[in-house]
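Only one structure is covered here, and it is reproduced in the block below.
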Amino acid sequence: MAALAGKTALVTGAARGIGRSIAETFASEGADLMLCDLNEEWLTETANAVRAAGRRAECKAVDVRQPAAVQETVDATLAAFGKIDILVNNAGITRDTFLVRMSDDDWDSVISVNLKGTFLFCRAAAKPMIRQKAGAIVNIASVIGLIGNAGQCNYAASKAGVIALTKSLAKELASRNIRVNAVAPGFIETKMTEVLNEETRAKMLELIPLKRFGTPADVAKVVLFLASDAASYVTGQVVTVSGGMVM
């Protein structure tokens, strides 16, 4: 039987990269999906891929920083599918620069999308999951939230916050049979990392024992495990997907 047969999942940041790979992987394992992002064109492409796999897909353009929009999205998911079994918080941005050059907007934008957006979706989705007495939440963090990185103080702080939120929420929701885990990717080949120059990429590769960069599918497979019943005794964990970059 497919790992997510009969399950409904809500995935943020689903238009491309890791989010799209998660959506397609979930669909291949039997899940129906509510897909969220700001880019409606790319989001539609993800939805079409899910439908091509024979699963239901609904799309919603949503600003994860806005509490009303987040609650509206959760309500729309319940109206369309009747439940939310899985939440994946993948929406995220970067605004990289050194701290002394970092503007208030650079800081606020990254914290708002990466950390506040995760908080808002966790809060909204936890309520129906509590009523169901079942659910799985997977938050996409980053190895940068574990080790830090020069020029990414805002991003590192946001992802470290996601990790702390994950652990605290796992303790709050465990008695309701709701598991909360995080995945911390390392260097993954996505549009977000394409902007890095060759010198930076070469330096990053030196830090990776497996000597290759990851793919969105590498991350999606771990997210699938944590979202599935195969991980029924796993909660409050941070799984790094980094080729050994963080041990």
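- Within the 4.5 Å cutoff, the side chain of Val50 has no heavy atoms near those of the Phe26 side chain.
- Other residues, nucleotides and ligands contribute at most 12 non-hydrogen atoms within 6.0 Å of the CD atom of Glu40.
- In this structure a side-chain-to-backbone donor-acceptor pair under 3.5 Å is missing from Asp32 to Thr8.
- With rounding to the nearest 0.5 angstrom, the SG atom of Cys59 is 4.0 Å from the CG atom of Leu43.
- When all heavy atoms are compared, the tightest approach of Lys83 to Lys7 is NZ-CA, 4.5 Å.
- Counting heavy atoms from C-beta outward, Glu58 and Phe81 have side chains that approach closer than 4.5 Å.
- You'll find the side chain of Leu224 reaches within 4.5 Å of the side chain of Glu29, heavy atoms only.
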Practice problem: Take Arg16 and Glu45, measure what salt bridge (Lys or Arg N to Asp or Glu O under 4.0 Å) needs, and give me the verdict at the end. | Solution: CA-CA 9 Å; Arg16 62 180 183 174; Glu45 292 178 4; over 6 Å; no
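- For the pair Leu4 and Ile86, the minimum side-chain heavy-atom distance is below 4.5 Å.
- The cluster map of Ile, Leu, Val, Met, Phe, Trp and Tyr, joined by side-chain heavy atoms under 4.5 Å apart, puts Val234 and Leu87 in different clusters.
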Practice problem: Show your reasoning for whether side chain to side chain contact (heavy atoms under 4.5 Å, CB included) applies to Ile188 and Val219. | Solution: CA-CA 8 Å; Ile188 307 299; Val219 180; 3.8 Å; yes
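- The shortest non-hydrogen separation linking Trp107 to Ala157 is CH2-CB, 3.7 Å.
- Thr240 places no side-chain N or O within donor-acceptor distance of the main-chain N or O of Ser242, the cut-off being under 3.5 Å.
- Clustering ILVMFWY residues whenever any of their side-chain heavy atoms sit less than 4.5 angstrom apart, transitively, puts Phe225 in a cluster other than the one holding Val238.
- Grouping the Ile, Leu, Val, Met, Phe, Trp and Tyr side chains by contacts below 4.5 angstrom, directly or via other members, places Leu165 with Ile137.
- Taking CG of Asn154 as the reference point, atom CG of Asp104 lies at 11.5 Å (rounded to 0.5 Å).
- Ion pair Lys203/Glu206 not flagged as a salt bridge, since none of the NZ, NE, NH1 or NH2 atoms sits closer than 4.0 Å to an Asp/Glu carboxylate oxygen.
- Closest non-hydrogen pair, Ile130 versus Ile178, comes out as N-CD1, 3.6 Å.
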Quiz item: Does the side chain to side chain contact (heavy atoms under 4.5 Å, CB included) test come out yes or no for Ile18 and Thr190, once each step is laid out?
Solution: CA-CA 7 Å; Ile18 291 172; Thr190 66; 4.1 Å; yes
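- Placement of Met34 and Val88 in two distinct hydrophobic clusters is found when ILVMFWY residues are connected by side-chain heavy-atom separations under 4.5 Å, directly or transitively.
- Looking only at atom types and distance, the side chain of Asp105 has a donor-acceptor partner in the side chain of Ser109 under 3.5 Å away.
- In plain terms, the two heavy atoms of Ser142 and Ile163 that are nearest each other are O-CD1, 4.4 Å.
- Note that the CD1 atom of Ile111 and the OH atom of Tyr155 stand 11.5 Å from one another [nearest 0.5 Å].
- Tested against Arg65, the residues Asp108, Val113, Asn114 include a single side-chain contact (heavy atoms from CB on, under 4.5 Å) partner, Val113.
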Quiz item: Leu33 and Arg56: side chain to side chain contact (heavy atoms under 4.5 Å, CB included), yes or no, with the steps?
Solution: CA-CA 6 Å; Leu33 290 117; Arg56 290 181 59 195; over 6 Å; no
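- Remark: Phe187 CZ to Arg212 CZ distance equals 12.5 Å, nearest 0.5 Å.
- For the pair Ala170 and Val180, the tightest heavy-atom approach, listed with the atom from each and the gap, is CB-O, 3.6 Å.
- Distance alone, capped at 3.5 Å, places no donor-acceptor pair between the Ser228 side chain and the Ala3 backbone.
- Tracing side-chain contacts under 4.5 Å through hydrophobic residues (I, L, V, M, F, W, Y), one reaches Val143 starting from Phe213; they form part of the same cluster.
- Of the possible donor and acceptor atoms, none in the side chain of Thr25 sits under 3.5 Å from a partner among the backbone N and O of Lys221.
- Listed by first and then second residue, the side-chain hydrogen bond (donor to acceptor under 3.5 Å, both in side chains) pairs involving residues 160-186 are Asn139-Thr166 (not counting sequence neighbours).
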Exercise. For side chain to side chain contact (heavy atoms under 4.5 Å, CB included), just list the numbers for Trp42 and Arg20, CA-CA rounded to whole Å, side-chain angles, deciding distance to a tenth of an Å, and then say yes or no.
Key: CA-CA 9 Å; Trp42 291 338; Arg20 176 166 177 168; over 6 Å; no
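- The main-chain N or O of Asp96 is never found under 3.5 Å from a side-chain atom of Thr94 such that the two would form a donor-acceptor pair.
- With 3.5 Å as the limit, one finds no donor-acceptor pair spanning the side chains of Asn89 and Thr118.
- Residues Val110 and Asp106 are not in side-chain contact: their nearest non-hydrogen atoms beyond the backbone lie 4.5 Å or more apart.
- Side-chain atoms of Gln132 and Asp85, non-hydrogen and from C-beta on, do get closer than 4.5 Å to each other.
- Put simply, CD1 on Ile84 and CZ on Phe121 are 9.0 Å apart, with the number rounded to the nearest 0.5 Å.
- Residues Leu205 and Arg201 fail the side-chain proximity criterion, which asks for heavy atoms closer than 4.5 Å.
- Checking Ser232 against Asp229 by side-chain atom types alone, no donor-acceptor pair falls below 3.5 Å.
- Taking the side chain as every heavy atom from C-beta outward, Val183 and Leu226 approach each other to under 4.5 Å.
- Taking every heavy atom of both residues into account, Lys60 and Ala76 meet most closely at CD-CB, 4.3 Å.
- For Ser21 (side chain) and Gly17 (main-chain N/O), no donor-acceptor pair under 3.5 Å exists by modelled atom type.
- Of the inter-residue distances, the one linking Glu24 atom CD with Ile22 atom CD1 reads 11.0 Å to the nearest 0.5 angstrom.
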